[in-house]
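In what follows, a structure is listed as structure tokens, so that the remarks can point back to it.
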2 protein chains.
Amino acid sequence: MSRKRWRSVKEIRIADVARLAGVSTATVSRVLANPDKVRTKTHDVVMEAVRRSGYTPNSVARNLRTRRTMTVLVVVPNLANPVFAQILRGIDDELTQSGYGLVIGNLDNCLEREPRYVDLALSRQADGILLMNGRIPGDGTRHMDEAGLPMVAMCAAISDERIPSVVVQDREASREAVRHLVGLGHRRLGYVAGPTGNVIEGERYAGFRQGVAEAGLGERDFVRWEGRFVFSTGVAAAEAFLRLKDRPTGIFAASDESAIGFLKTVRAAGLRVPEDVSIVGFDGIEFADYIEPTLTTLQQPLHELGRMGARVLLKMIRGEMKPEDWSVRLPLTLLDRDTTGPAPGRAAKPLRRRAV
Amino acid sequence: MSRKRWRSVKEIRIADVARLAGVSTATVSRVLANPDKVRTKTHDVVMEAVRRSGYTPNSVARNLRTRRTMTVLVVVPNLANPVFAQILRGIDDELTQSGYGLVIGNLDNCLEREPRYVDLALSRQADGILLMNGRIPGDGTRHMDEAGLPMVAMCAAISDERIPSVVVQDREASREAVRHLVGLGHRRLGYVAGPTGNVIEGERYAGFRQGVAEAGLGERDFVRWEGRFVFSTGVAAAEAFLRLKDRPTGIFAASDESAIGFLKTVRAAGLRVPEDVSIVGFDGIEFADYIEPTLTTLQQPLHELGRMGARVLLKMIRGEMKPEDWSVRLPLTLLDRDTTGPAPGRAAKPLRRRAV
DNA sequence: TGAAAAGATGTAATCGATTACACAAGTCGA
DNA sequence: TCGACTTGTGTAATCGATTACATCTTTTCA
């Protein structure tokens, strides 16, 4: 297929620099890694040679010899979801501080792509993995676990393995969402779900049901629509909602995107929000504050989540784990905005920002 | 700092597999790379040994020996912008098809982070680079260019170098946006800009001014607000807009996010869109269809852009470039939705989807 | 001043794969 | 049955850095 393989114009090795500087390769290496282990004079000569030759160390060779890459792999289920961009920012900040690099693997919602990234790490291209893929742990993760690869789960419940987890309190937050709706007088609820089998969805749904139970409501007092954490799920759920004879008045969506999809669709059908129906989202993405009415939602501490995940992984890589690092659970904040209001035939609104 | 370095439980090398199978390492390597170059019997014996030992090749060693990584680096200015998630999807599709992997480098809007990623590639951790950073080419890119590293610019105008570019027709599309507004009777315009010095911003602004000129308007017939491609820029621009005595009626924002920020702010101030002011965005992100009113915008062929960029880079890596690959320019589509309408004191609306 | 300690540098082994080359075994036609 | 050819496998060099150890130089201090 290929006519001629592409070749670098100049390919400078450490040996070339050594020759140019009149020293051994060991010295060049030392100048670059431990400048204080060589004489100042030598240092300057070598650095000059480095500059003149335009030398850049071949990190593949270095990684082979040192047996580490100073790189961490982050597996993201879907980059199009703005939630992950925020988390990645937190991860990156923490890693950079410690001299580590970051490689992002995007699953694009296809679990079939997972092995590709798992291999990347197994084949020593990364020193550790941050898994944000909320799947039930399968063969892939098991292999990594057996291979002893440092790894942190950034979604609930994989934690029952020997894998530490850094997560948000999905369950408690979902309960709070229900409590919020019930507090406004809503007695008939709707739940716009995430992907069935997803660990995070499982937590949020569990919290929702817990809230329902605590309100003294039962299985028949709510409707559940399956889907994913995307706009179109909200649209589909709303369409189903609109076909109901006895419609819920309080909706909890497991993601902001689906909440927004729902919102748009019911408004297009002529319903008023929050007068006819109240909606609570989950995530706290920036966009939720730019729609009309602004979305009541549970804000995740995304940046902090990223930082904590990276911090725990680094500890694991360095063999510095402490017992309390094995399970970190961060609280969320309820942003009480304009898509929630009293149930039809009720009164005013409470405060604005409340910790869960 | 670190108490004890973490160590893998079992570290299986190709030599271990060879011993287990009773063959040489060369044979194991061949079984894995060219299964048809070995006897079936041998193949089975080796594969069994691979399975039993749980061997995964060390790709760092392989990369060193073969002098390639089968990996491409993509430098993204800001992952939080949904535009890039879409482009990445296209890139990934194309690369996967050719057996290449993808590493994402996020600049997070800090140009200072660029050298980190440039080094990544210079140090042979990637076989090529896709640059989406719309900066004027600086030292970083020059080094890569000199090192002969295959690289494709996915933003306008770096193309005057020896670097191929795959871009959208920003300038033509912006002209079209102005033409659209002018066609609706708007004679006083506003331009919500991207970052000054950014190549893409330059193109879009040039197109805007070209459109203005073609409409027979002059420098005093429009206002320009500086900013970046984010929500808050739109908010700030709208605040400035609201303070004007003689307000424009047709606004062109260089990104959907800033258009949405603008929209929200002017509506909050009591203006009606499009009755009082029309707004055109640029990008065609999914969100733009979920706000109210839905945003008129120029839709980029994001997936296609990604595929083309990757395709050209692969050609470059393989030394298969043809003259027409050096400059690819993709057309956009004007999505005529609900934020644009006749200038105050004019009539109806034209068609819905128009190629630029 | 001289012996021991500390400091600077060089030599060569090493990381774990791939692959050119050599060689052995098997196949074929005359 | 013999060489020519094909096929399969092993030996060892190689990719480009790092680093243990040896060696040589300088400093320190009794």
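Keep in mind the model is a prediction, meaning the values are calculated, not measured. Order of the sequence lines fixes the chain letters, A, B, ..., with proteins taken first and strands second; residue numbering starts at 1 for each chain.
As judged by a 4.0 angstrom heavy-atom cut-off over every strand, V23(B) is placed among residues touching the sugar-phosphate backbone only. The residue S59(B) sits apart from the nucleic acid: no heavy atom pair falls under 4.0 Å. At the heavy-atom level, S29(A) lies under 4.0 Å from base atoms of the strands shown.
Remark: the S123(A) side chain and the R62(B) side chain contain no N/O donor-acceptor pair separated by less than 3.5 Å.
With rounding to the nearest 0.5 angstrom, the CE atom of M308(B) is 9.0 Å from the CG atom of L305(B).
Spacing between atom CD of Q125(A) and atom C1' of dA17(C) amounts to 13 Å, rounded to whole angstrom units. Rounded to an integer number of Å, the gap from Y55(B) OH to dA17(C) C1' is 7 Å. Between the CE atom of M70(B) and the C1' atom of dA17(C) there is a distance of 16 Å, rounded to whole Å. Put simply, CD1 on I14(A) is 17 Å from C1' on dT14(D), counting in whole angstrom units. As rounded to whole Å, 13 Å separates atom C1' of dT19(C) from atom NZ of K37(B). In this structure, the CZ atom of R68(A) is 11 Å from the C1' atom of dT18(D), given to the nearest Å. Atom pair R19(B):CZ and dG10(D):P shows a separation of 14 Å (rounding to whole Å applied). Taking atom CG of N34(B) as the reference point, atom P of dT7(D) lies 15 Å away to the nearest angstrom.
Residue R67(A) places its side chain closer to dC15(C) than to any other of dC15(C), dT19(C), dA8(C). Minimum atom distance to the side chain of T27(A) is reached by dT9(C), of the listed dT9(D), dA17(D), dT9(C). Of all nucleotides listed (dT9(D), dT19(C), dG16(C)), dG16(C) comes nearest to the side chain of E11(B). When distances run from any side-chain atom of R13(B) to the nucleotides dG10(D), dA12(D), dG16(C), the shortest one goes to dG16(C). Considering only the side chain of V38(A), dT9(C) comes nearest among dG16(C), dA17(D), dT9(C). Nearest to the side-chain atoms of R30(B) among the listed nucleotides dG10(C), dC15(C), dT9(D) stands dT9(D).
With N81(B) contributing its side chain and V83(B) its backbone, the two residues share a donor-acceptor pair below 3.5 Å. Remark: side-chain polar atoms of N63(A) are not paired, donor with acceptor, to backbone N or O of V60(A) under 3.5 angstrom.
Each of D36(A) and V28(B) has a nearest nucleotide on DNA chain C; the 5'-most of these lies closest to D36(A). Annotation: of the two residues near DNA chain D, L32(A) and L64(B), the 5′-most nearest-nucleotide partner is L64(B).
Side-chain contact between D127(A) and Y100(A) is present, with heavy atoms from C-beta onward closer than 4.5 Å.
Interface remark: the R65(B) side chain does not form any donor-acceptor pair with the dG16(D) base, using a distance-only criterion of under 3.5 Å.
When the side-chain nitrogen and oxygen atoms of T42(B) are compared with OP1 and OP2 of dT9(D), one or more of them lie within a distance under 4.0 Å. For the pair R39(B) and dG8(D), the criterion of a side-chain N or O lying under 4.0 Å from OP1 or OP2 is not met.
Between R19(B) and D16(B), at least one side-chain N (NZ, or NE/NH1/NH2) sits under 4.0 Å from a carboxylate O, which counts as a salt bridge.
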